[in-house]
Amino acid sequence: MSEKQLSLSAKLINGGIAGLIGVTCVFPIDLAKTRLQNQQNGSRIYTSMSDCLSKTIRSEGFFGIYRGAAVNLMLVTPEKAIKLAANDFFRHQLSKDGQKLTLFKEMLAGCGAGTCQVIITTPMEMLKIQLQDAGRIEAQRKLIGHQGRGGGAKESLVKSPTALQVSRDVLKDRGLAGFYKGLGATLLRDVPFSVIYFPLFANLNSLGRRNADGSAPFYISFLTGCIAGCIAAVAVNPVDVIKTRIQSMTRGSQEDTYSGVKDCLSKILRNEGPAAFLKGAYCRALVIAPLFGIAQVVYFLGVGEFVLHLLSGQKN
């Protein structure tokens, strides 16, 4: 195996491991983010992240807060691997004789990485959102039903669809193209995110102290990954709200439906005001910050290189 092939394989392993660890740690917060973003005026079930998580556990059981995690765990490995490896590839292609990239070229490399990752991100998020939001829709229906009969809302265990059921429904109703519903909104979120995140991380990471080999210590990579991820996540949150609304196929009886990005933008502004674009922003920051902090630590510790070294040693 050539050095270049070894390097690419290591990057793919690093991205995959980082994604698996990160998703496992922060998925409940991501579920709260999706449900808070999908709430519209007049149909609110949750008042905050903690309220959402506690109500979800009461109505759906503890594993309800991990609803849709299997889809993420299955697809996050190729998604994160593509994102990190693509950014490195574009940075390498844009550099001349190993010289430091200009800010514009760093942003261009991030743009390329964000564009590549939507191949996996769009279907992954579309399926995840249906599974995450099913409990909110069911809870809303039960609440309206109980109020209509003049009674209080009773807590009862909510059953949600499986990823296989959702996939079958999408294929039946929309075909393969259905998995790419919201592709435009996903691009509008992920490309700016990568344009902000990667250059910001690279420049912040270069400010810290260095190891003897010139690399950054793991805690510097973790902190700068968290900071850059948090800033980029909040910056693109308005588009994330639009993407979440567009990709949700099931709506409450009193909730708006959307035909595209422009329609979603105008309806949210008219019916909920500009503040609606910040829904779930703190949840998204709490998800993305450790997710990318963990990713950068795994990436820079060279876990993939270590795994490949062990495998090559066994073959020899």
Side-chain angles (χ1 to χ4, degrees), residues 2-19 22 75-122 124-125 183-208 210 213-216 218 220-237 239-240 243 284 288-289 291-305:
S2 69
E3 186 178 343
K4 186 175 181 181
Q5 288 175 321
L6 180 66
S7 178
L8 177 59
S9 300
K11 287 168 186 173
L12 296 177
I13 292 172
N14 285 331
I17 292 173
L75 295 178
V76 75
T77 297
E79 190 247 6
K80 284 290 176 288
I82 288 172
K83 189 185 191 94
L84 293 171
N87 180 67
D88 266 13
F89 171 79
F90 287 118
R91 287 178 70 90
H92 177 73
Q93 294 299 314
L94 291 168
S95 65
K96 291 182 179 179
D97 302 323
Q99 293 181 355
K100 181 176 170 61
L101 290 177
T102 62
L103 179 60
F104 174 74
K105 286 186 176 180
E106 286 182 333
M107 293 172 71
L108 202 58
C111 177
T115 304
C116 290
Q117 79 170 83
V118 298
I119 297 169
I120 300 294
T121 304
T122 306
M124 178 182 77
E125 296 240 330
L183 175 61
T186 306
L187 276 168
L188 287 174
R189 182 197 67 173
D190 287 351
V191 171
F193 178 92
S194 295
V195 166
I196 295 169
Y197 172 79
F198 284 110
L200 185 57
F201 170 78
N203 285 279
L204 287 175
N205 200 47
S206 66
L207 298 176
R210 304 284 97 185
D213 61 357
S215 63
F218 79 92
I220 295 292
S221 294
F222 176 77
L223 287 175
T224 52
C226 286
I227 293 169
C230 183
I231 292 172
V234 174
V236 302
N237 193 75
V239 188
D240 190 55
K243 183 198 74 68
R284 182 163 166 76
I288 297 297
L291 195 62
F292 278 85
I294 292 167
Q296 293 300 347
V297 169
V298 172
Y299 208 59
F300 282 91
L301 283 178
V303 177
E305 286 85 346

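Positions are given from 1, in the same order as the sequence printed here. Computation of the quantities below employed the complete heavy-atom set of this structure, encompassing side-chain atoms and omitting hydrogens, waters and symmetry-equivalent molecules.
Side-chain contact between R91 and N87 is present, with at least one heavy-atom pair separated by less than 4.5 Å. Inter-residue side-chain proximity for S194 and Q117 is flagged as met; some heavy-atom pair is nearer than 4.5 Å. Side-chain contact between R189 and T121 is present, with at least one heavy-atom pair separated by less than 4.5 Å. Between P192 and V239, the closest side-chain pair of non-hydrogen atoms is not below 4.5 Å.
In this structure, the separation between CG on L291 and CZ on R284 is 10.0 Å, given to the nearest 0.5 Å. Put simply, OG on S221 and CG on L204 are 11.5 Å apart, with the number rounded to the nearest 0.5 Å. Rounded to the nearest 0.5 angstrom, S95 OG and K105 NZ are separated by 8.0 Å. Between C111 atom SG and L187 atom CG the span is 9.0 Å, to the nearest 0.5 Å. One distance of note links OG1 of T115 with CD1 of I82; it measures 12.0 Å at 0.5 Å rounding. Within the model, atoms CD1 of I288 and CG of N237 stand 10.0 Å from one another, a figure rounded to the nearest 0.5 Å.
In terms of heavy atoms, A233 sits closest to F193 at N-CE1, 3.6 Å. Here the shortest heavy-atom pairing between A109 and L94 reads N-CD1, 3.9 Å. The shortest non-hydrogen separation linking V191 to G114 is CG2-C, 4.1 Å. Scanning both residues, K83 and A113, for their nearest heavy atoms gives O-CB, 3.5 Å. A18 approaches I294 most closely through the heavy-atom pair O-CG2, 4.1 Å. Here the closest non-hydrogen pair linking N203 and S206 is O-OG, 2.7 Å.
Not one N or O on the side chain of N205 forms a donor-acceptor pair closer than 3.5 Å with the backbone of F201. Distance alone, capped at 3.5 Å, places no donor-acceptor pair between the T122 side chain and the I119 backbone.
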Item to check | CA sep, side-chain torsions, deciding dist, call: C116, F90, side-chain contact (heavy atoms from CB on, under 4.5 Å) | outcome: CA-CA 11 Å; C116 290; F90 287 118; 4.0 Å; yes
